[in-house]
Amino acid sequence: MDDPFSLDDPEPGPVPEVLPPWLDALNPEQRLAVTTTEGPVLVLSGAGTGKTRVLTCRLAYLLATRPVRPWRILAVTFTNKAAREMRERAAALIGPDAEQVWLGTFHALGVRLLRRHGERVGLRPGFTILDTDDQVRLLKQIMEVENLDLKRWQPAVAMSLIQRWKDRGLCFDALPADAPGRDFAAGRLPDLYRQYQERLLVVNAVDFGDLLLHGLTLFTKHPDVLAEVGGQFQYILVDEYQDTNVAQYLWLRLLARAHGNLCCVGDDDQSIYSWRGAAVGNILRFEQDFPGATVVRLERNYRSTSTILAAASGLIGHNKARMGKDLRAADETRDPGAPITVWGVWDGAEEARRVVEEAEALQRAGEPLNSMAILVRVGFQTREFEERLIVSGTPYRVIGGPRFYERQEIRDALAYLRLAAQPDDSLAFERVVNTPRRGLGPTTIQILNRVARLERISLPEAARRVVETDELRPAARRSLRAFLEDLSRWRALADGLDPAALCGTILDESGYVDMWRADKAPDAEGRVENLKELVGALKEFDSLIGFLEHVSLVMDNEARAAEDALTLMTLHGAKGLEFDTVFLPGWEEELFPHRRALEENGVEGLEEERRLAYVGLTRARRRVFISFAGSRRVFADWRSCLPSRFLDELPPEVVETDTARGLVGSGAQGLSNAPGGWGRVGGPGTVSGEGGIRRPSPGWSAPPTRPTPASAFKAGDRVSHESFGLGTVREVSGDRLDIAFDTAGPRKVMAAFVTLAR
DNA sequence: GAGGAATTGATTTTT
DNA sequence: TCAATTCCTC
């Protein structure tokens, strides 16, 4: 991509006298946000109010009308995808000039900065960027060498705590006493953090947090770097400001200090990433931090029907910590639209069936599948829907599932490539040294790791030394030597060969592909295919380094939006998207709001869950279907569920319920606006205040006995009855069954009290 | 050290 | 449930 630091700085063209026509299409508030080009601007934007449009127009406006030189604008987005889209939209407005902007994520900017000044924080050229997997493995290594009890010191837990510190812009030597997890494992965590950081420098690597943290160190300890970068960008635009973490916030404050031309666009009601370090406080504090800021509120919603807006506003109104926006339909004369439909169903399977049936009905009525989405709280919820969609033959795509570059075989292959590019990549070395099997198991690795830690050298370097000694058994030594020779041969090849050919050669010579070809596991074939795809992807790059950087930053795979398909994704993944029809399944206590959100963060956690629900509702243009199940299978057994408290918080007048008989309250009484609301499933649930955890009352934990229609039985079926035991159906008449019970004799019973025996 | 069997234990959300 | 460890034998 473009390099913000290599200035090709021609004079800007003349300022056009006529304002661009696309400004006319904006409403007054949007226009104010676009054209206020002096000083800080905070755009408080509700859902569906044209936030991205405003940002894009502002970008185009700056380029088209201000005497701003190329490459003097920094636009920061939350994802690479958002950056791509914004560039395309801006190009549609002003043409190729849109290229002359530095547009990307904070992390991508961090990489550029470290490429340029990394040596000032102890990095060497060609440093690697670790992903979560590598980070945890590195930490695990340290713990092993330090003889820390791995049972209690779970590396992944320790790692997430360290990352949280980093998100808050905290270096290990500056941890305040109230840093989260500070007392974890008897205060050894700061110590671990220090060792981890030292080790990162030895292996010449950074993690995601470091991309920002090293940047802060550079800016604060090296004024010339700040002057260079801060002077570079005359205008800074930030999208999704509510999701910036503290480290990013500090970046912005430092970079915008000289001129204050900072424009942040965000919606405090859509802040859903606090668990990743995002601080809503950033947006609440904006006016204090940047005095004289112009604050623009965008409240005209162009997306949803007034019914959906009423539901969303009613829900989010239950949050206390918010700046308060009043979302209303841009066109109030428009049809208010269909009510929010709430389905109560017996279990997950029925929920999936119902959602898919509705989607198919809509499709038959002429709605494209592309305009519908199922938005779930947690990733694994997609499975039940996928199964159903496969059965019904409905095309669908899952967004945000296991990503291509995160697959095991791809990561292994990448590790080989990294070793070819960077001979001292310890993590890559450890990953593939015994894959395929070379007889270099845990014992050998342990020896190498010990040497590496003691000598403060990388793992491959340690291997090169150890192979010259007789520390290893002869077989292992021979094998390791052969592997090292392979590595240096590939490294030599790396200079001459193009990346795709190199990758093919390495995968071939290392025996890696053969390993999968010989594997008889059902998914082995697919893995070989994936490896081929990787080689294909490499063809688009002419340097290995460039490709590896692309992989570590751009982990999102291209969504193939070509065919008409139903979208299946998490609520988090849906941020910024919109659909005509949105299905929101799984609105049950403990799942949504998620139990852990409440346990860990109490009321704050609850409010974030509520914001997530708000995001879900406001994705819809025309129709929303919410559903909850009376019970769900969790692992092996059944668990009964209470409907989500969020259902109670929807204004009753915009909701239409359709709940299975006997599921909620008693029969037809089970309406959402009945006294006591949804909480009456199977008797009173216990509620321990706002932010507390609701649990079904004891006694409701029996497996569901879902009434089975009599038509599901036929003569000769073996069935089971709670009081009469096993029996054989003799005849079906109406909703009654004539059954010959093994012990209780012949009886006629209601079909609802009988289940099929196996 | 490899390979299969048995056991366990985990499920927010992700740049 | 299912994947990922650990255990157990060769």
Side-chain angles (χ1 to χ4, degrees), chain A residues 76-83 104-111 129-133 135 140 150-151 154 156-157 160 163-164 166-167 206-212 239-240 243-245 247-248 271-278 348 375-384 387 399-403 405-406 408 434-446 472-473 475-476 479 515 518-521 523 552-556 569-575 586 590-601 605 608-609 611-613 615-616 632-639:
Chain A
V76 188
T77 56
F78 191 69
T79 62
N80 293 298
K81 187 165 157 255
T105 61
F106 277 107
H107 291 91
L109 185 61
V111 173
I129 302 165
L130 301 189
D131 56 28
T132 322
D133 212 59
Q135 290 166 25
K140 204 167 162 182
L150 283 179
K151 284 283 178 308
Q154 304 220 336
V157 176
S160 76
Q163 287 307 320
R164 261 162 77 188
K166 292 192 171 190
D167 287 337
V206 296
D207 62 25
F208 268 108
D210 285 343
L211 291 176
L212 303 172
D239 195 9
E240 309 282 12
D243 289 322
T244 50
N245 64 34
Q248 292 164 339
S271 163
I272 53 176
Y273 282 95
S274 75
W275 50 272
R276 212 176 69 192
L375 306 181
V376 296
R377 175 65 183 85
V378 292
F380 68 80
Q381 283 178 276
T382 58
R383 244 190 53 205
E384 220 149 11
E387 281 165 13
I399 311 273
R403 286 177 286 193
Y405 292 124
E406 281 172 13
Q408 183 192 341
N434 202 29
T435 316
R437 300 253 136 83
R438 296 188 177 88
L440 302 167
T443 321
T444 314
I445 304 297
Q446 222 165 13
L472 295 179
R473 297 164 132 204
S479 180
M515 179 185 93
D519 197 311
K520 49 200 179 301
D523 55 354
S552 51
L553 284 175
V554 189
M555 290 289 269
D556 59 340
M569 65 171 120
T570 65
L571 285 161
H572 283 88
K575 190 169 78 160
E590 313 228 328
L591 179 60
F592 191 37
H594 200 280
R595 181 158 55 100
R596 295 210 9 200
L598 301 190
E599 275 172 357
E600 285 165 22
N601 298 309
E608 178 143 326
E609 296 287 294
R611 290 194 290 268
L612 203 49
V615 168
R632 244 172 232 288
R633 200 164 42 193
V634 181
F635 311 136
D637 48 19
W638 289 88
R639 197 194 301 160

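Throughout, protein chains are lettered first and strands after them, A, B, ... in sequence-line order, and every chain is numbered starting at 1.
- The nearest heavy atom of DNA chain B to A/D167 and to A/R473 marks one nucleotide each, and the one closer to the 5' end goes with A/R473.
- Residues satisfying the side-chain contact (heavy atoms from CB on, under 4.5 Å) test with A/R596, not counting sequence neighbours, are A/H594, A/E599, A/E600.
- Atom C1' of nucleotide B/dT15 and atom CG of A/L109 are separated by 14 Å, given to the nearest angstrom.
- Under the side-chain contact (heavy atoms from CB on, under 4.5 Å) criterion, A/I445 pairs with A/E430, A/V433, A/N449, sequence neighbours left out.
- Atom-to-atom, CE of A/M569 to P of B/dT14 comes out at 11 Å; the value is rounded to the nearest Å.
- A donor-acceptor contact shorter than 3.5 Å is absent between the side chain of A/E608 and the backbone of A/G605.
- Atom CD of A/Q135 and atom C1' of B/dT15 are 11 Å apart (whole Å).
- Rounded to a whole Å, the CG atom of A/L591 is 15 Å from the C1' atom of B/dA10.
- Set against B/dT15, C/dC2, B/dG1, the side chain of A/T443 has B/dG1 as its closest nucleotide.
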Check the interface with nucleotides 11-13 of chain B: list each N/O to N/O pair with the protein under 3.5 Å, or write none.
{"unit_1": "B/dT12", "atom_1": "OP1", "unit_2": "A/R596", "atom_2": "NH1", "d": "3.0"}
{"unit_1": "B/dT12", "atom_1": "OP2", "unit_2": "A/R596", "atom_2": "NE", "d": "2.8"}
{"unit_1": "B/dT12", "atom_1": "OP2", "unit_2": "A/R596", "atom_2": "NH1", "d": "2.3"}
{"unit_1": "B/dT12", "atom_1": "OP2", "unit_2": "A/R596", "atom_2": "NH2", "d": "3.4"}
{"unit_1": "B/dT12", "atom_1": "O2", "unit_2": "A/R377", "atom_2": "NH1", "d": "2.9"}
{"unit_1": "B/dT12", "atom_1": "O2", "unit_2": "A/R377", "atom_2": "NH2", "d": "2.1"}
{"unit_1": "B/dT13", "atom_1": "OP1", "unit_2": "A/G379", "atom_2": "N", "d": "2.7"}
{"unit_1": "B/dT13", "atom_1": "O2", "unit_2": "A/W275", "atom_2": "NE1", "d": "2.9"}
{"unit_1": "B/dT13", "atom_1": "O2", "unit_2": "A/H572", "atom_2": "NE2", "d": "3.3"}

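- Within the nucleic acid shown, A/T244 has no heavy atom closer than 4.0 Å to any nucleic acid atom.
- A straight line from NZ of A/K575 to C1' of B/dT15 spans 10 Å, rounded to a whole angstrom.
- Comparing B/dT11 with C/dT6, their P atoms sit 15 Å apart, to the nearest whole Å.
- A/A613 pairs by the side-chain contact (heavy atoms from CB on, under 4.5 Å) definition with A/L315, A/W587, A/F592, A/F646, not counting sequence neighbours.
- Residue contacts shown for A/N434 are limited to sugar-phosphate atoms, with no base heavy atom under 4.0 Å away.
- Under the side-chain contact (heavy atoms from CB on, under 4.5 Å) criterion, A/S479 pairs with A/R438, A/L440, not counting sequence neighbours.
- Note: CG (A/L212) to C1' (B/dT15) measures 9 Å, nearest angstrom.
- If you take atom C1' in C/dT5 and the same atom in B/dT12, they sit 23 Å apart, rounded to whole Å.
- Side-chain nitrogen and oxygen atoms of A/T79 include none within less than 4.0 Å of the OP1 or OP2 phosphate oxygen of B/dT14.
- A/Q163 and A/D207 share a donor-acceptor pair across their side chains, judged by distance under 3.5 Å alone.
- One can place CE of A/M515 at 12 Å from P of B/dA2, the figure rounded to the nearest angstrom.
- Of the two residues contacting DNA chain B, namely A/T105 and A/T444, the nearest-nucleotide position lying further toward the 5' end is that of A/T444.
- The nearest whole Å value for the distance from the CD atom in A/E387 to the P atom in C/dT1 is 12 Å.
- In terms of the salt bridge (Lys or Arg N to Asp or Glu O under 4.0 Å) criterion, A/R437 has no residue partners (sequence neighbours excluded).
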